[in-house]
Amino acid sequence: MTIKTLEDLFIHDLSDIYSAEKQITRALPKMARAATDPKLIAAFNQHLEETHGQIERLDQLVESTEGVRIKRMKCHALEGLAEEAQEIIDSVEAGPVRDAGLIGAAQKVEHYEIATYGTLHALAKKLGYKDAARLLEETLKEEKATDEKLTVIADQQP
């Protein structure tokens, strides 16, 4: 996709995060199964539910914003982050060390999402997409809350 305008960039980043969210729905169940801390398992499962809602919100954004259509693409950044999480699952024995690694992997994903949703929110405002900006801000707040929750769980680890 050639990017020449802010709208092109908005559509590119929107398509990228859509792919990322889809990949996250496949990674989170694996991470939940690999974790041992009940609070971490619950956080992964809750975030999976939120992720489904975020995908629905992205669909709503596209339906309500004239001229905006998601392009088929793969988010390579999330693909790499998911591979890192899988490496932790494969190479670290179940227990507190694996849980700590999974928290770190999940926070890397959250930070990617926070950066992307922050950019999309700013672009939507600049482009005058008021409804899109509102929807993106809602998701951005959820991602920040998830990151904070993971930090609390990390601080409580043995």
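Quick note: residue numbers are just sequence positions, from 1.
Every pair passing side chain to side chain donor-acceptor pair (under 3.5 Å) that includes a residue from residues 92-103 is listed here, sequence neighbours excluded: Thr36-Asp99. The salt bridge (Lys or Arg N to Asp or Glu O under 4.0 Å) pairs that include a residue from residues 24-39 number zero, where partners must be two or more places apart or lie in different chains. Sorted by first and then second residue, the salt bridge (Lys or Arg N to Asp or Glu O under 4.0 Å) pairs involving residues 40-62 (not counting sequence neighbours) are Arg57-Glu138, Arg57-Glu142.
Annotation: side-chain hydrogen bond (donor to acceptor under 3.5 Å, both in side chains) contacts of His52 (sequence neighbours excluded): none. For Lys125, the side chain to side chain contact (heavy atoms under 4.5 Å, CB included) partners at least two apart in sequence or on another chain are His121, Ala133. Looking at residues two or more places apart in sequence or on another chain, you find a ring-ring contact (aromatic ring centres under 6.0 Å, His included) between Phe10 and Tyr129. In terms of the salt bridge (Lys or Arg N to Asp or Glu O under 4.0 Å) criterion, residue partners of Lys74 (sequence neighbours excluded) are, by chain and number, Glu79. Legend: residues meeting side chain to side chain contact (heavy atoms under 4.5 Å, CB included) with Ser91, ordered by chain and number and at least two apart, are absent. Applying the side-chain hydrogen bond (donor to acceptor under 3.5 Å, both in side chains) test to Thr119 and every residue at least two apart in sequence or in another chain returns nothing. When the side-chain hydrogen bond (donor to acceptor under 3.5 Å, both in side chains) test is applied to Thr151, the partners found at least two apart in sequence or on another chain are Gln107. For Thr51, the side chain to side chain contact (heavy atoms under 4.5 Å, CB included) partners at least two apart in sequence or on another chain are Glu21, Ile24, Thr25, Leu28, His47, Gln54, Ile55.
Between the CD1 atom in Ile17 and the OG1 atom in Thr139 there is a gap of 9.0 Å [rounded to 0.5 Å].
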Expected list for residues 83-90: side-chain donor-acceptor pairs under 3.5 angstrom, two or more places apart:
| from | atom 1 | to | atom 2 | distance (Å) |
| --- | --- | --- | --- | --- |
| Glu84 | OE1 | Lys108 | NZ | 2.8 |
| Gln86 | NE2 | Asp90 | OD1 | 2.8 |

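Here the closest heavy-atom approach between residue Cys75 and residue Gln23 is recorded as O-NE2, 3.1 Å. Here the closest non-hydrogen pair linking Ile41 and Ala35 is CD1-O, 3.5 Å. Heavy-atom minimum distance, Ile114 versus Glu143: CG1-CB, 3.8 Å. Nearest heavy-atom pair across Ile3 and Leu9 is CG2-N, 3.7 Å.
Atom CZ of Arg69 has more than 12 heavy atoms from other residues, nucleotides or ligands within 6.0 Å.
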